[in-house]
Peer 1: 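The structure is given below, and queries will be raised subsequently.
Throughout, residue positions are numbered sequentially from 1 according to the sequence presented. Keep in mind it's a predicted model, so treat the numbers as computed, not measured. Atom set for the values below is all heavy atoms of this structure, side chains included, hydrogens, waters and symmetry mates excluded.
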Amino acid sequence: MVEIQKLSGGYGKRRVLENVSMCARAGEITAVLGPNGCGKSTLLKTICGILPPASGQVLLDGQPLAALDAGRIAQIIAYLPQNRQVPDITVGHLVLHGRFPYLSYPRRYRQADYEAARRAMEQLGIEKLADKPLPQLSGGQQQKAYIAMALAQDTEVILLDEPTTYLDVAHQLQLLHLARALADAGKHVILILHDIPHALENAHHIVLMRDGTVVMEGTPEAVFESGALEDTFGIHVARVELEGKRRYLCMEQQDTF
């Protein structure tokens with residue numbers, strides 16, 4: 001289990017997170033929701049050690065991550081940020097970068113590293129793009145390449161900040177299916193999503209943030225029924241039964257069925 005205990009922090013003197021506590025369990029998708037600027041991305045950066053906390057701590061199975069060096073943390077946590085530069089390298093080389101935490105001196109890739117990269121590209125369906133330069137690809141293809149890099153890292157914890165960005169609807173659904181498969185394999189999968197229906201329909205656990213704090217966390221059903229989504233986003237969220245499954249819709253609060 002990943003536990004965040006009374007975590008505060010941000011960027012130097014600019015405090016973004018205030019006393020944040022939450023948990024994410026192995027074998028589950030945890031979706032972090034909240035308005036723009038509420039601290040979601042800052043939270044992921046602090047969890048993986050990019051930003052130092054001002055106070056509080058992050059625990060993995062009861063052990064403080066702060067006690068580990070950066071190399072060991074990179075073997076435990078894979079982090080895919082929302083915004084990235086696009087280097088002039090091929091897809092295959094980018095995905096191989098996910099294996100960097102496992103390389104010893106001199107830093108040469110082993111056969112096992114190439115196999116891990118190949119499997120990750122196959123999971124995303126981009127193996128045929130391995131020799132293509134990243135700048136020549138569409139935004140959606142680039143996004144898949146970066147996600148494959150995170151998968152090649154083969155960590156216990158996977159942090160994905162807006163992973164469905166640049167993907168069309170079909171590929172968004174494929175990605176969420178992949179996230180479910182990773183959770184089923186025992187990974188801790190923590191996603192930042194702006195699409196509330198996607199989060200409610202695919203996550204096991206929801207963390208709802210506002211103004212740098214956690215408003216509520218719980219199952220999708222509990223968060224939906226609490227009315228906290230309406231209060232946080234100023235929208236109306238409805239639930240319907242469609243083809244035997246619960247589906248969710250978002251609309252302006254004055255709209256009705």
Peer 1: Who pairs with Gln174 by side-chain hydrogen bond (donor to acceptor under 3.5 Å, both in side chains), at least two apart in sequence or on another chain?
Peer 2: none
Peer 1: Considering residues at least two apart in sequence or located in another chain, which fulfil the salt bridge (charged side-chain N to carboxylate O under 4.0 Å, His left out) criterion with Arg247?
Peer 2: Glu201
Peer 1: Can you list everything that forms a ring pair (Phe, Tyr, Trp, His ring centres under 6.0 Å) with Tyr79? Sequence neighbours excluded, please.
Peer 2: none
Peer 1: Side chain to side chain contact (heavy atoms under 4.5 Å, CB included) with Val237: which residues, sequence neighbours excluded?
Peer 2: Leu200, Phe224, Leu229, Glu230, Ile235, Tyr248, Cys250
Peer 1: What's the spacing between His198 NE2 and Leu33 CG if we round to 0.5 Å?
Peer 2: 12.5 Å
Peer 1: Tell me, with the steps shown, if Met149 and Gln153 meet side-chain contact (heavy atoms from CB on, under 4.5 Å).
Peer 2: CA-CA 7 Å; Met149 180 180 67; Gln153 201 168 329; 5.8 Å; no
Peer 1: If you round to the nearest 0.5 Å, how far is CD of Glu252 from NE2 of His236?
Peer 2: 12.5 Å
Peer 1: Quick one, Leu124 and Leu178 - any side-chain contact, counting heavy atoms below 4.5 Å?
Peer 2: yes
Peer 1: Listed by chain and number, what are the side chain to side chain contact (heavy atoms under 4.5 Å, CB included) partners of His93, not counting sequence neighbours?
Peer 2: Ile89, Thr90
Peer 1: Scan Leu191, Ile190, Leu182 and name whichever one has a side-chain contact (heavy atoms from CB on, under 4.5 Å) with Ile158.
Peer 2: Leu182
Peer 1: Between Arg246 and Glu241, does any NZ, NE, NH1 or NH2 come within less than 4.0 Å of an OD or OE carboxylate oxygen?
Peer 2: yes
Peer 1: About how many Å separate CD1 of Ile29 and CZ of Arg180, when rounded to the nearest 0.5 Å?
Peer 2: 5.0 Å
Peer 1: Can you pull the salt bridge (Lys or Arg N to Asp or Glu O under 4.0 Å) pairs that have at least one residue in residues 120-137, sequence neighbours excluded?
Peer 2: Arg118-Glu122
Peer 1: Can you name the side chain to side chain contact (heavy atoms under 4.5 Å, CB included) partners of Gln5, sequence neighbours left out?
Peer 2: Glu3, Gln57, Leu59
Peer 1: Taking only residues at least two apart or on different chains, which pairs with a member in residues 133-143 satisfy side chain to side chain donor-acceptor pair (under 3.5 Å)?
Peer 2: Arg84-Gln143, Ser138-Gln141
Peer 1: Should side-chain heavy atoms under 4.5 Å link Ile, Leu, Val, Met, Phe, Trp and Tyr, which residues sit in the same cluster as Leu96?
Peer 2: Phe100, Leu103, Tyr109, Tyr114
Peer 1: Measuring only between side-chain heavy atoms, which start at C-beta, is Arg110 closer than 4.5 Å to Arg99?
Peer 2: yes
Peer 1: Rounded to the nearest 0.5 Å, how far apart are OG of Ser41 and CD1 of Ile50?
Peer 2: 10.5 Å
Peer 1: Could you tell me the separation between the CG atom of Asp61 and the NE2 atom of His188, rounded to the nearest 0.5 Å?
Peer 2: 5.5 Å
Peer 1: Hey, quick one: are Ile4 and Val223 part of the same hydrophobic cluster, counting side-chain heavy atoms closer than 4.5 Å, chains of contacts allowed?
Peer 2: no
Peer 1: Between Arg72 and Asp69, does any side-chain N to carboxylate O distance fall below 4.0 Å?
Peer 2: no
Peer 1: Can you sort out the partners of Thr213 under side chain to side chain contact (heavy atoms under 4.5 Å, CB included), two or more places apart, ordered by chain and number?
Peer 2: Glu18
Peer 1: Determine which pairs satisfy salt bridge (Lys or Arg N to Asp or Glu O under 4.0 Å) with at least one residue from residues 157-169, sequence neighbours left out, and list them in order.
Peer 2: none
Peer 1: Is the shortest heavy-atom distance from the side chain of Leu68 to the side chain of Leu60 under 4.5 Å?
Peer 2: no
Peer 1: Do Val20 and Leu193 share a hydrophobic cluster, counting only Ile, Leu, Val, Met, Phe, Trp and Tyr and linking them when any side-chain heavy atoms are less than 4.5 Å apart?
Peer 2: no
Peer 1: Measure the spacing between OG1 of Thr46 and CG of Leu44 and express it to the nearest 0.5 Å.
Peer 2: 8.5 Å
Peer 1: Identify whether Ile73 and Leu151 are in the same connected component of the hydrophobic contact network (ILVMFWY, side-chain heavy atoms under 4.5 Å).
Peer 2: no
Peer 1: Going by side-chain hydrogen bond (donor to acceptor under 3.5 Å, both in side chains), name the residues that satisfy it together with Arg25, two or more places apart in sequence or in a different chain.
Peer 2: none
